Amino acid sequence: MKKVLILEDEVNIRSFVVINLTRAGYEAIEAGTGQEALDRLAENPDIGVAILDIMLPDMDGFEVCRRIRAVSKQIGIVMLTARTQEMDKVTGLMTGADDYVTKPFSPAELTARIDALFRRIGGDSNTSSEMLIQGPFVMNTRNHTLEKNGNRIRLTQVEYAILKLFMQNPGMALSREDILSAVWGQDYEGELKIVDVNIRRLRIKIEDDTSNPTYITTVWGLGYKWGA
Ligand code: CA
């Protein structure tokens, strides 16, 4: 199982991350201080990605990042930043990190970032992770194709990204905001309606009966859920 270290001193946030990482199929290793994080890493050299909070009791997350980078170039590093911190300072000190996520973040967003990092660092190279197989659907994440009952379905890049998000989070209710930030990026300033427009098109392509969708179901007042 792929290991992810979560360094966060706030227990509520850490538990929230652990639950979501576990649900996404990762083994979560916890640390509450910078020193604990470095100890856990020394014990588990196969950790693929580390999520580092910045405000910590013993040292700041940037220092932890520097110390990790001093011994490993391979590991993926995601910084957790608070909105109140000046982004200039954060990005200026980010040289050793691969990505950052701003609090508050959605589970789908964080998981998508971790998945992306594992792909980038080459930790996602086994064949099983290249095929997402659910119900009648087979998604090949290497060549970005989708088949339903063996028949190729042509998707736009955005439709593909939405469907992949669903297939990576089966049964999980995803809000329009989750989908927007995971697919369009968290800086995207557009309207949530773009999500509905794409879901409508996606349903026409993949549902047996578009007026009674069973794969992408509506979660009233929230968003959508994948139920293949
Ligand atoms: Ca903190």
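Residue numbers count from 1 along this sequence. Basis for what follows: all heavy atoms, side chains included, without hydrogens, waters or symmetry-related copies. We count ligands from 1, going down the list as the structure has it; atoms in each ligand are counted the same way. Keep in mind that what you see is a predicted model, and the values were worked out from it rather than measured.
- A heavy-atom distance below 4.5 Å is found between the side chains of I179 and F166.
- Residue pairs meeting the ring-ring contact (aromatic ring centres under 6.0 Å, His included) criterion with at least one member in residues 34-60, sequence neighbours excluded, do not occur.
- F105 and F16 have tilted rings, their planes meeting at an angle from 30° to 60° on a 0 to 90° scale.
- In the hydrophobic clustering, where aliphatic and aromatic side chains (Ile, Leu, Val, Met, Phe, Trp, Tyr) are joined below 4.5 Å either directly or transitively, V219 groups with L222.
- The pair D53-K103 counts as a salt bridge, with a side-chain nitrogen and a carboxylate oxygen less than 4.0 angstrom apart.
- Around the Ca ion (ligand 1), the protein N, O or S atoms found under 3.0 Å comprise D9 OD1, D53 OD2, M55 O.
- Annotation: salt bridge (charged side-chain N to carboxylate O under 4.0 Å, His left out) contacts involving residues 145-154, sequence neighbours excluded, comprise K148-D208.
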